Amino acid sequence: MRVALFVTCVNDTLYPRTGQATVTLLRRLGVDVEFPSQQTCCGQMHYNTGYRHQAEPLVRDFAETFADYDAVVAPSGSCAGMVRDIHPRVARRSSGRVDPERVDAVAPKVYELSEFLVDVLGVTDVGAYFPHRVTYHPTCHSLRLLKVGDRPTRLLRAVRGLDLVELPGADECCGFGGTFALKNSAVSAAMCSDKLRHAADTGAEVLCAADNSCLMHLDGALRRQHSGVRTLHLAEILARTEDDPHGTSWSRATRSLA
Amino acid sequence: MSVVSLGMPAFPTTAESATRDAQLRHNLRNATHTIRDKRAHAVAELADWAELRAAGAAIKDRTLRHLDHYLVELEIAVTRAGGQVHWASDAAEANRIVTELVRATGETDVVKVKSMATQEIGLNEALADAGITAYETDLAELIVQLGDDRPSHILVPAIHRNRAEIRDIFRQAMGRWGRPAPEGLTDRPGDLAEAARLHLRERFLTAKVAVSGANFMVAETGTLVVVESEGNGRMCLTLPETLISVVGIEKVVPTWQDLEVYLQLLPRSSTAERMNPYTSTWTGCTEGDGPRQFHLVLLDNGRTATLADEVGRQALRCIRCSACLNVCPVYERAGGHAYGSAYPGPIGAILTPQLRGIASALDASLPYASSLCGACYEVCPVAIDIPEVLVHLRERVVERSRGHLGERAAMRAARWVLQDPDRLRRAQRMAARTRRLHPKRLPGPGAAWTDTRDTPQVPAESFRDWWRRTQEEER
Ligand code: SF4
């Protein structure tokens with residue numbers, strides 16, 4: 001099985017550690033994951049903001065870049081949802097600029113990380129270790145577009161040392177919504193503060209999600225508030241083991257500020 | 001579609017003031033969370049909900065595809081049963097028709113059954129201009145009318161009010177409209193309901209003309225259907241001599257059998273009841289029973305144009321259950337008034353810009369009044385993919401308005417960078433090199449982010465550079 005990582009442009013540019021964690025995790029589970037370097041972006045921002053035509057070339061390129069793989073893993077619910085659910089619609093409405101057949105051939109092979117682990121690899125215990133209290137925000141596109149259900153929390157429950165506490169109002173949107181956060185910043189901030197209040201109420205140290213765009217928004221507000229809660233992508237928890245509890249082996253490899 | 005929104009500022013502005021109103025936030029949160037939990041419960045009781053929902057969507061789609069046919073069938077049936085059918089292409093025409101019909105009776109008072117269509121066209125205001133007073137008889141509509149207020153929810157128009165506010169409104173305004181509130185009225189729900197009952201009873205017994213909408217119109221028999229909880233509708237539909245119903249053309253269903261589906265979907269989705277307390281049906285006029293004159297005003301008001309749009313037309317399936325409002329995180333914080341029309345919440349955000357167009361700042365901002373979280377689509381009993389329509393309407397706004405020049409340039413530039421991995425790599429390296437210079441607070445549109453959130457720190461190395469440096473060399 002040839003497996004490709006679609007790291008997503010947000011992770012690529014701002015959260016490389018999430019990509020590194022995903023690679024580490026998949027290799028530990030015996031998957032020789034590849035990174036097709038032609039990949040860029042799924043076009044979600046363009047499409048969602050009303051620039052469908054600008055998204056078309058990105059949709060077309062995605063289908064070309066990943067055509068030869070059996071599975072594509074994306075550590076982002078919204079990007080996986082964009083490809084699987086929206087790309088076929090964009091192709092269909094493109095008046096021939098994007099070939100629907102090419103897109104249809106790739107879209108169903110795209111998996112959000114937790115889907116790939118649970119459904120394709122058939123594992124829920126990935127051998128991870130993370131001795132902290134964690135609460136999980138399911139994020140809207142994972143929940144409602146991809147319907148990943150309890151896969152992420154099943155994975156988290158199997159992590160040794162991890163104390164998973166339920167997030168009240170978990171299925172409510174965090175208020176990110178791409179350009180919504182800018183265009184309707186007051187409502188976005190109100191939604192964000194409710195989400196963070198719920199997270200703080202759980203007493204968790206870590207607010208986890210499988211989408212760094214939502215986490216960027218939540219983390220930005222947490223840091224502004226000098227809150228004791230920190231955010232962490234699901235992959236960065238699952239990649240940690242008892243031998244490497246801080247993920248030093250994979251995160252030090254980058255010249256990043258950790 | 002006219003009224004209300006002229007000169008109203010765009011949604012972000014109207015919504016912002018609502019987010020600062022602690023009382024409003026509290027009222028809305030309580031009310032929407034209670035009803036949303038109840039709905040989930042009521043829906044979970046039916047094992048075939050998914051099939052019902054699919055049927056609800058399919059029947060409406062099919063009917064809309066042959067709308068011309070069913071409307072003519074309806075007109076013939078209503079006429080045969082002794083009713084009179086009028087066609088109104090827009091709000092002004094509908095208002096004119098109703099005004100003339102009321103004038104012809106010689107009456108200056110009408111009682112009203114809660115109706116979205118008459119709110120959409122601003123009928124009460126038009127009647128007032130002609131010297132005719134319209135009395136709302138639905139409890140929540142009464143609260144709104146007495147408070148000189150605007151509805152903020154489809155099903156619960158006074159959702160933004162708590163009971164202390166309602167008591168004050170009753171005390172202050174009931175006397176001006178008819179029977180005053182009882183002395184020493186408390187804010188106990190039972191007392192408030194009793195005060196409303198006494199006030200309204202007088203109205204029902206004297207009214208000669210009633211105005212209603214309808215939830216459904218059955219084409220095969222020409223029957224109209226109103227579902228309600230309070231019984232005020234039943235009073236209005238049976239006691240007066242003249243009944244005038246203003247109904248959007250999308251409310252037609254072909255047969256009685258189709259009602260089987262909607263009378264299950266609607267109550268569970270709206271009030272979370274297995275069945276609503278009152279379902280009234282009437283077919284034209286019946287000798288010696290009920291109104292002696294029945295007029296049906298069929299309202300277009302932008303619906304035909306909406307039907308012409310392949311993506312947007314699904315909004316016409318809406319059965320006005322308001323489930324989408326009750327789960328919407330934006331509605332919960334912005335309140336219904338921010339949407340500037342009779343239709344607040346997610347359905348308003350896709351219906352108003354289609355019925356009314358996107359010429360005003362408010363209407364052009366409505367498609368953006370959503371984080372696209374998809375909660376509305378999930379609960380919609382007729383499976384309207386509201387996020388899909390929102391995005392589609394954003395496209396329309398982008399194409400037609402000039403206010404988006406800066407954004408359009410930014411989007412094109414972003415696409416140019418993102419379409420080519422080498423350009424993306426160069427942009428990432430540039431960002432990494434200058435990362436210590438990135439300001440914590442951004443100017444211009446970026447300030448909307450940094451007012452409440454820090455910006456993410458740009459890492460020294462992108463994922464793709466890390467991969468190339470460490471992985472490709474290994475291989
Ligand atoms: S759009 Fe759907 S959920 Fe919203 S009011 Fe209409 S039928 Fe109900």
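As the structure is a prediction and not an experimental result, all values here were calculated from the model. Order of the sequence lines fixes the chain letters, A, B, ..., with proteins taken first and strands second; residue numbering starts at 1 for each chain.
Checked for salt-bridge contact, Glu64(A) and Arg102(A) meet the test: a charged N lies under 4.0 Å from a carboxylate O. Under the 4.0 Å criterion applied to side-chain N and carboxylate O atoms, Asp244(A) and Arg28(A) are not assigned as salt-bridge partners. A salt bridge is defined here as a Lys NZ or Arg NE, NH1 or NH2 lying under 4.0 Å from an Asp or Glu carboxylate O, and Asp465(B) with Arg468(B) fails to meet this definition. Contact check on Arg20(B) versus Glu16(B) returns a salt bridge, with a Lys/Arg side-chain nitrogen under 4.0 Å from an Asp/Glu carboxylate oxygen.
Contact between His160(B) and Asn27(B) at its shortest, heavy atoms only, is O-ND2, 3.0 Å. Taking both residues in full, the closest heavy atoms of Lys195(A) and Gly169(A) are given as NZ-O, 3.2 Å, listed atom of the first, atom of the second, then distance.
Of the N and O atoms on the side chains of Glu236(A) and Tyr15(A), not one donor lies less than 3.5 Å from an acceptor on the other residue. Counting only N and O atoms by type, the side chains of Glu388(B) and Tyr377(B) include no donor and acceptor under 3.5 Å apart. Glu395(B) and His392(B) are not linked by any side-chain donor-acceptor pair at a separation below 3.5 angstrom, with hydrogens and angles left out of the test.
Only the side chain of Val7(A) comes within contact range of chain B, with at least one heavy atom under 4.5 Å from a heavy atom of that chain. For Glu172(A), the part sitting under 4.5 Å from any heavy atom of chain B is the side chain, from C-beta outward, and nothing else. For Arg412(B), the parts lying under 4.5 angstrom from a heavy atom of chain A are both the backbone and the side chain. In this structure, the portion of Asp194(A) lying under 4.5 Å from any heavy atom of chain B is its side chain and not its backbone. Heavy atoms of Leu424(B) lying under 4.5 Å from chain A belong exclusively to its side chain. Looking at Asp420(B), only its backbone comes within 4.5 Å of chain A, counting heavy atoms on both sides. Within the 4.5 angstrom heavy-atom criterion, no atom of Ser365(B) approaches chain A. If you measure heavy-atom distances from Val327(B) to chain A, you find no contacts under 4.5 Å at all. For Arg464(B), the parts lying under 4.5 angstrom from a heavy atom of chain A are both the backbone and the side chain. Contact of Arg429(B) with chain A is not made at all, since no heavy-atom distance falls under 4.5 Å. If you measure heavy-atom distances from Ala414(B) to chain A, the contacts under 4.5 Å come from both the backbone and the side chain. Only the side chain of His53(A) comes within less than 4.5 Å of a heavy atom of chain B; its backbone N, CA, C and O stay farther away. Of the atoms belonging to Thr19(B), it is side-chain heavy atoms, and not backbone ones, that fall under 4.5 Å from chain A. Proximity to chain B is absent for every atom of Leu215(A), based on heavy atoms less than 4.5 angstrom apart. When heavy atoms are compared at a cutoff of 4.5 Å, Glu378(B) approaches chain A solely by way of its side chain, counted from C-beta outward. Heavy-atom distances place both the backbone and the side chain of His46(A) under 4.5 Å from chain B.
Top candidate by heavy-atom pairs under 4.5 Å with chain B, chosen from Arg89(A), Gln225(A), Gln39(A), is Arg89(A). The residue among Arg396(B), Glu310(B), Met411(B) with the most heavy atom pairs within less than 4.5 Å of chain A is Met411(B). Ranking Leu182(A), Asn184(A), Asp12(A) against chain B, the residue ahead of the rest is Asp12(A), based on heavy-atom pairs under 4.5 Å. Among Asn11(A), Asp219(A), Leu218(A), Thr49(A), the residue with the largest count of heavy-atom pairs under 4.5 Å with chain B is Thr49(A). Each of Ala186(A), Ala55(A), Ala189(A) has some count of heavy-atom pairs under 4.5 Å with chain B, and the biggest count is that of Ala186(A).
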Audit row: Ser188(A), Arg453(B), side-chain hydrogen bond (donor to acceptor under 3.5 Å, both in side chains) steps and yes/no
CA-CA 11 Å; Ser188(A) 167; Arg453(B) 290 157 287 218; 3.1 Å; yes

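For an aromatic pair to be called close, the ring centres must be under 6.0 Å apart, and Tyr339(B) with Phe11(B) satisfies this.
Using cut-offs of 30° and 60° for the angle between ring planes, the Phe35(A) and Trp467(B) rings count as tilted. Using bins of under 30°, 30° to 60° and over 60° for the plane-to-plane angle, the ring pair Trp449(B)/Phe176(A) lands in the perpendicular bin.
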